[in-house]
Chemist: 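Would you mind keeping the following structure in view while I ask a few things?
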Amino acid sequence: MKPGDLIKWRDYTTDQTFVGLFIRRMSRARGERPNPAWADIVVLCAGKELKWSSWQCEVISGRC
């Protein structure tokens, strides 16, 4: 996964699929710490920066 990739994430608890733009991996240098939901990446989705679990994501379109 590279910054700019379009990725898909599925929430199996609500049966919803979300699509977002991969921004970056979380960094301890930025003061970002892994949370209980296993989030390790930051994604732009619906105009918000969200934290997702990379191992649950699928790249659907690479950057140009």
Side-chain angles (χ1 to χ4, degrees):
M1 221 180 310
K2 298 175 186 167
D5 285 350
L6 197 59
I7 58 175
K8 178 172 65 171
W9 178 75
R10 181 94 176 144
D11 183 346
Y12 290 100
T13 63
T14 63
D15 204 31
Q16 292 181 309
T17 299
F18 299 91
V19 175
L21 189 67
F22 174 64
I23 299 174
R24 67 180 189 283
R25 298 204 175 273
M26 292 175 62
S27 166
R28 289 183 190 266
R30 289 189 172 147
E32 298 170 326
R33 296 181 182 158
N35 64 29
W38 296 86
D40 62 341
I41 61 174
V42 178
V43 176
L44 181 64
C45 180
K48 299 177 183 176
E49 283 192 12
L50 303 175
K51 295 175 183 175
W52 288 1
S53 300
S54 63
W55 58 272
Q56 289 182 297
C57 295
E58 174 185 351
V59 175
I60 55 176
S61 178
R63 64 183 174 150
C64 298

Chemist: Measure the spacing between CG of L50 and CD1 of I41 and express it to the nearest 0.5 Å.
Modeler: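 Between atom CG of L50 and atom CD1 of I41 there are 10.5 Å.
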
Chemist: I need the minimum non-hydrogen distance between C45 and G20, along with the two atoms involved.
Modeler: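 In terms of heavy atoms, the two residues are closest at CB-CA, 4.3 Å.
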
Chemist: Side chain to side chain contact (heavy atoms under 4.5 Å, CB included) with T17: which residues, sequence neighbours excluded?
Modeler: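 Checked T17 against side chain to side chain contact (heavy atoms under 4.5 Å, CB included); matches are K8, R10.
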
Chemist: Which atom pair, heavy atoms only, marks the closest approach of F22 to I7?
Modeler: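 In this case the closest contact between F22 and I7 is CB-CD1, 4.2 Å.
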
Chemist: Can you sort out the partners of L21 under side chain to side chain contact (heavy atoms under 4.5 Å, CB included), two or more places apart, ordered by chain and number?
Modeler: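 So L21 forms a side chain to side chain contact (heavy atoms under 4.5 Å, CB included) with L44.
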
Chemist: Checking T14 now: which residues fulfil side chain to side chain contact (heavy atoms under 4.5 Å, CB included) with it, not counting sequence neighbours?
Modeler: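 If we apply the side chain to side chain contact (heavy atoms under 4.5 Å, CB included) test to T14, skipping adjacent residues, the hits are D11, Q16.
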
Chemist: Going by the rule side chain to side chain donor-acceptor pair (under 3.5 Å), which residues pair with D40 if we only count those two or more places apart in sequence or in a different chain?
Modeler: S54

Chemist: Minimum heavy-atom separation for W9 and Q56, please, with both atom names.
Modeler: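 Looking at all heavy atoms of both residues, the shortest contact is NE1-OE1, 3.1 Å.
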
Chemist: Determine the minimum heavy-atom distance between A39 and S53, stating which atoms define it.
Modeler: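 Closest approach of A39 to S53: N-OG, 3.6 Å.
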
